[in-house]
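Some notes on the structure that comes next.
Atoms within a ligand are numbered from 1 in the order they appear, just like the ligands themselves.
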Amino acid sequence: MSSKSQLNLYSSFRRNFPALETVLLTTNAGTFYTYEDAEHCSAQIANYLIEMGLKRGDRVSAQVPKSPQALWLYLAVVRAGMVFHPLNTAYTDEELHFFLQDAAPAMLVCDSNRSEALQALCQSVGTPYLYTLDADGGGTLVQGAQQCSVRFDTAATNAADLAALVYSSGTTGRPKGIMLSHGNLVENISVLVDYWGFGEDDCLLHALPIFHVHGLFVAIGCVLMSGGSLRWLHEFDVKTVMQNLPYSTVMMGVPTYYTRLLVERDFNVQHCVRTRLFVSGSAPLLADTFVEFEQRTGHRILERYGMTETGMNTSNPLRGERRAGTVGFPLPGVEVRICGADNNILEGKGVGGLQVRGSNVFSGYWNMPKKTAEDFTSDGFFITGDQACMDEEGYISIVGRSKDMVISGGLNVYPKEIELLIDELSGVKESAVIGLPDTDFGEVVVAVVVLVNDATLSGEQVRGALKARVANFKVPKRVFFVDELPRNAMGKVQKETMRKEYGSKAT
Ligand code: MLC
Ligand code: AMP
């Protein structure tokens, strides 16, 4: 596919829609929405955005609770050739301030209960429009769009045009906007539909948030690209998942979803009577979880590996052997190589940095050409920052990270961002943030803090100060106070030493 070829993600979905009266989505309350609802409601919102004067390429930022209407908004933005910018609902006003300033959207859509606070924020950063969309689908956006036509000619975008801007934090503490094109998304989703055997008979249990690649592009994408349906839960609640699983053929989740299911003593094979496939990703799935899940249900969880920057890169096979502790093979069209420190290709021997190349890989970071250049090799491979190895049969395992990052319940936390905030607190000399193993979240964020002489500060005070500034999942679950941080001869803080020391004390 050339970057100039005409392509729109929505049009690619639309070509695979079944008869429009077919049910696309059923909520836990039993309300259902058809493909016609998706087509008509997204058309109305797209018309409304254009009526307001928004243009192709404009960013539309959305910090909205999960609802079918939030899905229509995403489809509308893509149809109109605008750029969808999803935001974690846990982000604080301070975090939003950065995102709005950086992405410079033409519109922010938020929950009504946040609109007053965000009105002032929009004014201060110059975001022209603020609309609301609530968990029940109400709010000014849908209300306004209702008078618009249900017909809309999807924009004739090119493969290289941006469809989405998704932020991830960085090792410097400054989040980066990842530019994803229509081509990136169509290519990756089409490959997944084939590789995982999606079809019209599939019903996917959707409990993931829709502000990340996993829930938004992978899970919803596979369904819309194959004409299947969604069992739509507004969050992951284990009891509700168990009630809905018997109606579902596929479930996708982060490892915490599977460990939480296994904690339920009455979760068993009966819940999985219709399910043909369980997919896990976004964080490492422990071999123990894989084994226990198979013992309990007879299903071998299919683990895959991806990133916001690349979509999905590797996957265990649908039909061949799925191996615990591995993320399988490179997906069709994705080139994967493992390289040593001097960028030499390891040819299957030993652990090295994982690099990927393919039309799934993003075009760069928003307004950060220098960072973009740093993260690509001269021959166009993206340096993922993950450490991997490959066994003799070609199965790849992710064994570590060269980037300082914690993944907690499938959400990434960059220690630097939190350390900078802790260091600003009065009485703090310095701090180190690390991830420690946790049976529920996989890893949890923990802070190790050195106070200045005579300062008194409690762990709860540190946590309280952080809660006011960053999303909850980034707030350290524990705070340890020490006289000094362990350092090597070069003065570099030894996080591995701390992980060993505090590993047993964290949970
Ligand atoms: C919530 N909390 C978390 C947390 N989620 N803390 C650490 N890590 C998390 N992931 C906070 C809550 O705010 C609360 O704080 C306390 O921890 C307990 O919350 P909980 O009720 O147990 O959490 P819950 O609401 O059930 O959420 C947990 C979760 C959720 C695992 C269900 O985080 C989730 O759905 N995660 C999926 C994330 C995801 O989609 N990742 C994909 C990224 S895309 P307090 O202070 O109130 O007690 C990607 C690419 C790829 O990575 O390859 O897919
Ligand atoms: P994100 O920035 O949220 O897209 O997270 C991407 C990161 O999640 C990757 O770089 C990996 O470190 C991690 N990741 C995703 N899937 C897996 C997996 N199956 N096993 C281990 N790590 C994973």
I'd like to know whether Lys467 forms a salt bridge (charged side-chain N to carboxylate O under 4.0 Å, His left out) with Glu460, so could you lay out the CA-CA distance, the side-chain angles of the two residues, the decisive distance to 0.1 Å, and finally the verdict. CA-CA 10 Å; Lys467 271 192 179 186; Glu460 269 320 295; over 6 Å; no
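- Residue Lys403 places a heavy atom under 4.0 Å from ligand 2.
- When non-hydrogen atoms are compared, ligand 1 lies under 4.0 Å from the side chain of Arg260 (C-beta onward) but not from its backbone.
- Each of the atoms 3 (C), 6 (N), 7 (C), 11 (C), 16 (C), 17 (O) of ligand 1 lies under 4.0 Å from some heavy atom of Lys477.
- Considering only non-hydrogen atoms, atom 14 (N) of ligand 2 lies nearest to Ser282 out of Gly328, Gly400, Ser282.
- Looking at ligand 2, you'll find an N or O of Arg304 within less than 3.5 Å of one of its N or O atoms.
- Nearest to atom 5 (O) of ligand 2 among the protein's heavy atoms is Asn412 ND2, 2.9 Å.
- Using a 4.0 Å cut-off to heavy atoms of Leu411, the atoms of ligand 1 that qualify are 10 (N), 33 (O), 38 (C).
- Listed by number with element, the atoms of ligand 1 under 4.0 angstrom from any heavy atom of His214 are 42 (C), 44 (S), 54 (O).
- Contact annotation for Leu411 and ligand 2: no heavy atom of the residue comes within less than 4.0 Å of the ligand.
- A heavy-atom distance below 4.5 Å is found between the side chains of Leu204 and Phe198.
- Between the side chains of Thr249 and Asp202, at least one donor N or O lies within less than 3.5 Å of an accepting N or O.
- Geometrically, Arg300 does not engage Phe290 in a cation-pi contact, judged by NZ or CZ lying under 6.0 Å from the ring centre and within 45° of the ring axis.
- If you check each of Gly306, Gly385, Gly442 against atom 6 (C) of ligand 2, the one with the closest non-hydrogen atom is Gly306.
- Listed by number with element, the atoms of ligand 1 under 4.0 Å from a non-hydrogen atom of Gly306 are 53 (O).
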Verify salt bridge (charged side-chain N to carboxylate O under 4.0 Å, His left out) between Asp423 and Lys416, making sure each step is shown before the conclusion. CA-CA 10 Å; Asp423 294 351; Lys416 191 75 191 167; over 6 Å; no
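- Remark: Glu496 CD is packed, more than 12 non-hydrogen atoms of other residues, nucleotides or ligands lying under 6.0 Å away.
- Residue Lys467 places at least one N or O, backbone or side chain, under 3.5 Å from an N or O of ligand 1.
- Contact between Val213 and ligand 2 is absent, with no heavy atom of the residue lying under 4.0 Å from the ligand.
- Contacts with ligand 2 closer than 4.0 Å are made by backbone heavy atoms (N, CA, C, O) of Ala283 only, the side chain lying farther away.
- Under 4.0 Å from ligand 2, heavy atoms of Pro284 appear from its side chain as well as its backbone.
- No side-chain donor-acceptor contact under 3.5 Å links Asn316 and Tyr395.
- Distance remark: protein heavy atom present below 4.0 angstrom from atom 3 (C) of ligand 1.
- Residue contact check: Met307 has heavy atoms under 4.0 Å from atoms 4 (O), 6 (C), 9 (C), 10 (O) of ligand 2.
- For atom 26 (O) of ligand 1, a protein non-hydrogen atom is found at a distance below 4.0 Å.
- The shortest N/O to N/O separation between Thr308 and ligand 2 falls below 3.5 Å.
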Table please: side-chain donor-acceptor pairs of residues 190-197 below 3.5 Å, with sequence neighbours left out.
| residue | atom | partner | partner atom | Å |
| --- | --- | --- | --- | --- |
| Ser190 | OG | Val186 | O | 2.5 |
| Trp196 | NE1 | Ser315 | OG | 3.0 |

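- Residue contacts with ligand 2, taken as heavy atom pairs separated by less than 4.0 Å, involve Asp386 solely via side-chain atoms from C-beta onward.
- Note: an N/O pair closer than 3.5 Å links Glu303 and ligand 2 by distance alone.
- A heavy-atom separation below 4.0 Å is found between Pro209 and ligand 1.
- The presence of a protein heavy atom under 4.0 Å from atom 13 (O) of ligand 1 is confirmed.
- Side-chain atoms of Gln387 and Arg401 form no donor-acceptor pair, as typed in the model, at a separation below 3.5 Å.
- Residue nearest to atom 41 (N) of ligand 1, selected from Ser408, Ser282, Ala471, Gly410: Gly410 (by heavy-atom distance).
- Polar contact check, Arg304 against ligand 1: a nitrogen or oxygen pair lies under 3.5 Å apart.
- His214 and Arg304 share a donor-acceptor pair across their side chains, judged by distance under 3.5 Å alone.
- Against a heavy-atom cut-off of under 4.0 Å, Phe473 is close to the following atoms of ligand 1: 3 (C), 4 (C), 6 (N), 7 (C), 8 (N), 9 (C).
- Here atom 32 (C) of ligand 1 lies nearest to Tyr257 when heavy atoms of Phe441, Tyr305, Phe217, Tyr257 are compared.
- In this structure, Lys66 satisfies the cation-pi test against Trp232, with its NZ or CZ atom closer than 6.0 Å to the six-membered ring centre and inside 45 degrees of the ring normal.
- For the residue pair Tyr258 and Glu292, no side-chain donor N or O sits within less than 3.5 Å of a side-chain acceptor on the partner.
- Between the side chains of Glu419 and Ser431, no donor-acceptor pair of N or O atoms lies under 3.5 Å.
- For atom 13 (C) of ligand 2, the nearest protein heavy atom (residue, atom name, distance) is Ile407 CD1, 3.4 Å.
- Closest to atom 36 (N) of ligand 1, if we only count protein heavy atoms, is Gly409 O, 3.0 Å.
- Thr384 places a side-chain N or O within donor-acceptor distance of the main-chain N or O of Leu354, the cut-off being under 3.5 Å.
- Ligand 1 places these atoms under 4.0 Å from at least one heavy atom of Leu208: 40 (O).
- Between the side chains of Tyr167 and Asp102, at least one donor N or O lies within less than 3.5 Å of an accepting N or O.
- Shown in contact with Asn472 at under 4.0 Å from a heavy atom are these atoms of ligand 1, numbered in order with element: 13 (O), 15 (O), 45 (P), 46 (O), 47 (O).
- Atom 6 (N) of ligand 1 lies below 4.0 Å from at least one non-hydrogen atom of the protein.
- Side-chain atoms of Asp134 come within 3.5 Å of backbone N or O of Ser112 as a donor-acceptor pair.
- The side chain to side chain contact (heavy atoms under 4.5 Å, CB included) test with Val433 is passed by exactly one of Ile422, Val446, Asp404: Ile422.
- Inter-residue side-chain proximity for Asn412 and Val406 is flagged as unmet; no heavy-atom pair is nearer than 4.5 Å.
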